[in-house]
Structures are given as C-alpha cells and as structure tokens.
2 protein chains.
Amino acid sequence: MDNLEKARGGRPRAFDPDRALDAAMHLFWEHGYEATSLAMLREAMGLTPPQIYNAFTDKETLFRKALTRYHETEIGFALDALSAQVPVREAISRLLLGAADAYSRPGKPGGCLFVSGALAASPQAQAIADELRAYRKASEAAIADRLAKGRAAGELPEELSVENLAKYIAGVMNGMSIQARDGASAEELRLLALTALAAMPAEGQKWQA
Amino acid sequence: MDNLEKARGGRPRAFDPDRALDAAMHLFWEHGYEATSLAMLREAMGLTPPQIYNAFTDKETLFRKALTRYHETEIGFALDALSAQVPVREAISRLLLGAADAYSRPGKPGGCLFVSGALAASPQAQAIADELRAYRKASEAAIADRLAKGRAAGELPEELSVENLAKYIAGVMNGMSIQARDGASAEELRLLALTALAAMPAEGQKWQA
DNA sequence: CAGGTTTCGTATCGATCGCTATGGATAATT
DNA sequence: AATTATCCATAGCGATCGATACGAAACCTG
C-alpha cells in the first residue's frame, strides 16, 4: 500500500510515483491546496483517480508528501546557507539571495510553496494551513538559531533580540515570495534581498530594538 | 437592483447591505475568496441566497465590493501615511507602523485582505487573483511615488532607485501580513517594522543598490 | 499452472459547490 | 382599491467536489 515498501507481488505499477508526486507538487505550488482539484491533479499526473488514491491515500496525504518533497528538492539553499561555516551576516546573505533565486526559477511557480500552499483556507482545510504555518515557524526558528550562534560568536550585538531579527528576516523572505508571485524577476528579488540586508546590525554596532 | 440607487417602490429590504457586506468582507479576509463558500456567507451575513444575489449580483461581485469596502474602511492608514506633509522617512515609518497595527487588530483577521484574499487560486478564479495583484501593485506604486517625491526634495540619495526601495518596502509589508497571520503580535510587528526601517538610506548617504 | 496479491480501467458515488425558478408578501404610485 | 415594483422564503437546479465499487489484468510464489 505504501510506495516506499517493495511490493512482494501483484501487478506492477504502470507509473513512476516520484514523477507523479513532482507533478502534484508543482500544481499545489501554483494553485494552492484547496484550489487544486482532483481533475487538475489527474491530468497533470497522468493518472486515474484510483491510481492516485492507491498510491497516495487521499488528497491531504498527497499534499503532505508534496510538502516533504518540496522541502527536500527545492529549498536546500536554506539549509546550506544556515549551516555553512561562514560569518552570520554572510549566512543570512546567502539565505536571502538563495531565496531570490529559488522563488523566481524559470519553469517553476513563483514564490514558496510554504507560503502559497494555503495562506487562507476553509475550516475543513485548517489542518493543512496549520501544517504550513508550522513549516514557516520552523524556518524562522532555524534563522533565530543561526543568529544566536552568530551573537555568541561576537558577530552581533549582545543586546540584540535574535527572535525579533529572525522574525524580520523570515518576514522579508515571505514578502519576497509574494513579490515573486507578483512577477518580480530574480534580479529585482536580489536587490530586495540586498536592501533587507542593510538592516542587519554589524558587530559592536548599537542596536535600538 | 443596485443598493446605491434609492428604491422607488416595492417591498423594502429587511437587512442592512453595509452590515452584510462587512460580514462578507471579514469572512473573505479570514478564509480567502475561493475557500469562503456561499453557505458560510449565508450564515455570517444572516441572509438567504436570493437576498445575497439580489443585493450583490454574484460571489465575484460581492468579493469585489468587499475589496472596495476594505480599501475604504481598513487601510486608511496607508493613504494617511503617504500623503502626510512629513519627511519621507517619517512617512514610511508611519506606513510600516500603521501596517503593524492594522494587520494585528483584535477582533479582525490577521494580515491584509489584499494578500490573503487569493494568493493562490484555481484557474477559474484567476481574474480575482489578478485584481488582488493589481491592488498590491498599486500600493507599491504609491510607495514609489512618495519615495520619488522625497528624493526630489533631497531627502534621499539621488542615485537611489525608488522602484527597488518601494519593492522592498511593499515586500516587507506583505511579509508582515503573513507574520500577522502566523500569530505575530502588534508589538512584534512594530519591532519588525523598525528593523525594516533601518534599511532605508539617509540623506546624502551612499547607496549601493 | 494454480493461488494469492496488487494495480488496472470504467463508471460512478453522495456531498457540496455557486446559483436560481417560483410564488407569496410588502411597499410606493395612481 | 388597483397597479406596479421590489423583496422575501422555500425548494431545488446542474456542475463539480473528493473519493470508491467493481471486475478484469498482470505480476510473484508455490
């Protein structure tokens, strides 16, 4: 029943689950969870409804697997930027510039799936909206952790609130996601990122917030 | 047929169209255009389907009227901030701090309707998504105009690109809208706004972007 | 080859979607 | 009071939603 387990018998699958999941991910990325209908998924994945349900349980499970795949294949730049052995300002710079690139890739939907997946949702889809919010919160927490490391290393003012600065950086990335959806080019997003970086305090700099 | 015209006769309306429109606006604000069903609107507005359709034509027209009402009643802070006779930095400060307040008002949905109304949409609702994008673009253009005025007044570096800075400021506001939806408090949004302001160049300051 | 298991394609299911036909009720106008 | 116009309430429209029942087909094990 699960595509991760090796089938011990029976008729073999006539399609590649990973390719189908990719197609579903891009469709959810473009139109969001609720606005993506089974009919659209059926056409994009090239499958019949029973094939989809047999392989992915239901629409909600399919979406969650699409989220996992998106996390694994599309936003590695974030983990790379935050885990690189570089000064904190360089790490944040890589994060924002990486987002500028990732949010405006040709042939991909604009912005971030974690933002456009279900910013607003019906009461029935509240669980999905909550899951996406958890992804966004986790990103913000990862940024705060990296900032705290930088502050501990003396690269940021001691009195700095890493939570607040992380909220700003995560907010800028969310805003870039929307600007990307509104047609901003990679170059425009990079300029936005550089402008945002100017708000980062330097070492020993007095910080007012 | 239109609630703007004085009825010349016939049975009078048994409800207040403005109150009903307010209820619809808040529901769209919370759940977005497509995820808000007629059944939800019916309950929130306290009306039957024929009452809704007689007064507001159809769901799409109702949403557009809700957008107009939102623009008139909920985001006056933006026009106030951008039209005030103050230095440009003070104007942008009022804009961002006003957004921090407006996006986190108790008893109101978090964030901005222009962002949450239809960030992602089905193909059938593309016109609605486009209209919201137009509202966001108009906001960005208004910011750019104000920045250009400030630059002309010598309050910003001559080599500054007002379009790029406007895209940053509009992006920050969009990001604040999402942070508000994710539960950020008014105080947290104000701190985010103040951090964002630090990226604004001062008079005569060298500007790299 | 027989038995077991899984997926296949076809044809739908009940629920909800946005929306409206119908006819009685209530007002201003004449 | 008669006419006209508008709105009200009930009931239900066709279309689409996410999800399945069914039996035939294709594989592994014995």
Side-chain angles (χ1 to χ4, degrees), chain A residues 1-21 24 27-28 31-66 118 120-128, chain B residues 1-21 24 27-28 31-66 118 120-128:
Chain A
M1 65 178 65
D2 196 8
N3 58 343
L4 296 179
E5 300 177 9
K6 187 80 173 187
R8 292 196 322 251
R11 179 171 177 172
R13 212 163 247 149
F15 62 94
D16 181 348
D18 283 337
R19 284 184 62 89
L21 183 54
L27 211 53
F28 283 131
H31 299 289
Y33 171 65
E34 291 188 281
T36 301
S37 71
L38 256 297
M40 297 162 66
L41 289 167
R42 185 163 49 100
E43 181 175 352
M45 301 168 83
L47 301 177
T48 64
Q51 285 177 304
I52 297 175
Y53 282 86
N54 180 42
F56 304 104
T57 309
D58 57 14
K59 186 187 176 186
E60 181 169 338
T61 304
L62 173 60
F63 182 74
R64 291 179 194 272
K65 291 186 177 178
S122 73
Q124 292 79 15
Q126 197 58 52
I128 292 293
Chain B
M1 67 177 66
D2 196 8
N3 58 343
L4 296 179
E5 300 176 9
K6 186 79 173 188
R8 292 198 321 254
R11 179 171 176 172
R13 212 163 246 151
F15 62 93
D16 181 350
D18 282 337
R19 285 183 62 89
L21 183 55
L27 211 54
F28 283 131
H31 300 289
Y33 171 65
E34 291 188 281
T36 302
S37 71
L38 256 297
M40 296 162 66
L41 289 166
R42 186 163 47 103
E43 180 175 352
M45 302 169 82
L47 302 177
T48 64
Q51 286 178 304
I52 297 176
Y53 283 84
N54 179 40
F56 304 103
T57 309
D58 57 12
K59 187 187 177 185
E60 182 169 336
T61 304
L62 172 61
F63 182 74
R64 292 179 193 272
K65 292 187 177 178
S122 73
Q124 292 79 15
Q126 196 58 53
I128 292 293

Atom [atom1] of [X] to atom [atom2] of [N]: distance rounded to whole Å?
X       : N      : atom1 : atom2 : answer
B/Leu41 : C/dC19 : CG    : C1'   : 13 Å
B/Tyr53 : D/dA11 : OH    : P     : 19 Å
B/Gln51 : D/dT10 : CD    : P     : 10 Å
A/Arg42 : D/dG18 : CZ    : P     : 11 Å
B/Arg11 : C/dT26 : CZ    : P     : 6 Å
B/Asn54 : C/dG24 : CG    : P     : 19 Å
B/Ile52 : C/dC17 : CD1   : C1'   : 14 Å
B/Phe56 : C/dC19 : CZ    : C1'   : 16 Å

* Structure fact -> So salt bridge (Lys or Arg N to Asp or Glu O under 4.0 Å) across residues 34-58 of chain A, not counting sequence neighbours, yields none
* Asked: Starting at the 5' end of DNA chain C, which residue's closest nucleotide do you reach first, B/Pro12 or B/Glu34?
  -> B/Glu34
* Structure fact -> Walking DNA chain C from its 5' end, the first of A/Phe15 and B/Ala39 to be reached, judged by nearest nucleotide, is A/Phe15
* Can you tell me if B/Lys59 uses its side chain to pair, donor with acceptor, with the backbone of B/Tyr33 under 3.5 Å? -> yes
* Asked: If only atom types and distance count, is the side chain of B/His31 paired as donor or acceptor with the main-chain N or O of A/Ala120 below 3.5 Å?
  -> no
* NA contact type, A/Thr36, heavy-atom cut-off 4.0 Å: base, sugar-phosphate, or nothing? -> sugar-phosphate
* Does A/Arg19 have any salt bridge (charged side-chain N to carboxylate O under 4.0 Å, His left out) partners at least two apart in sequence or in another chain, and if so, which? -> none
* Please name all residues satisfying side chain to side chain donor-acceptor pair (under 3.5 Å) with B/Thr57, sequence neighbours left out, ordered by chain then number. => none
* Structure fact -> Whether each nucleotide of nucleotides 10-15 of chain C has a protein heavy atom under 4.0 Å at its base (B), only at its sugar-phosphate (S) or at neither (-) is summarised, 5' to 3', as B-----
* Answer yes or no: is there a side-chain heavy-atom contact under 4.5 Å between A/Leu62 and A/Leu21? => yes
* Structure fact -> One should read off an interatomic distance between B/Leu38 CG and B/Tyr53 OH, to the nearest 0.5 angstrom, of 3.5 Å
* Structure fact -> Value for CG (A/Leu47) from CZ (A/Phe15), rounded to nearest 0.5 Å, stands at 5.0 Å
* What does the inter-axis angle of the helix from C/dC1-D/dG30 to C/dT30-D/dA1 come out as, five pairs per end, nearest 10 degrees? -> 10°
* Structure fact -> B/Pro50 meets the side-chain contact (heavy atoms from CB on, under 4.5 Å) criterion, sequence neighbours left out, with B/Thr48
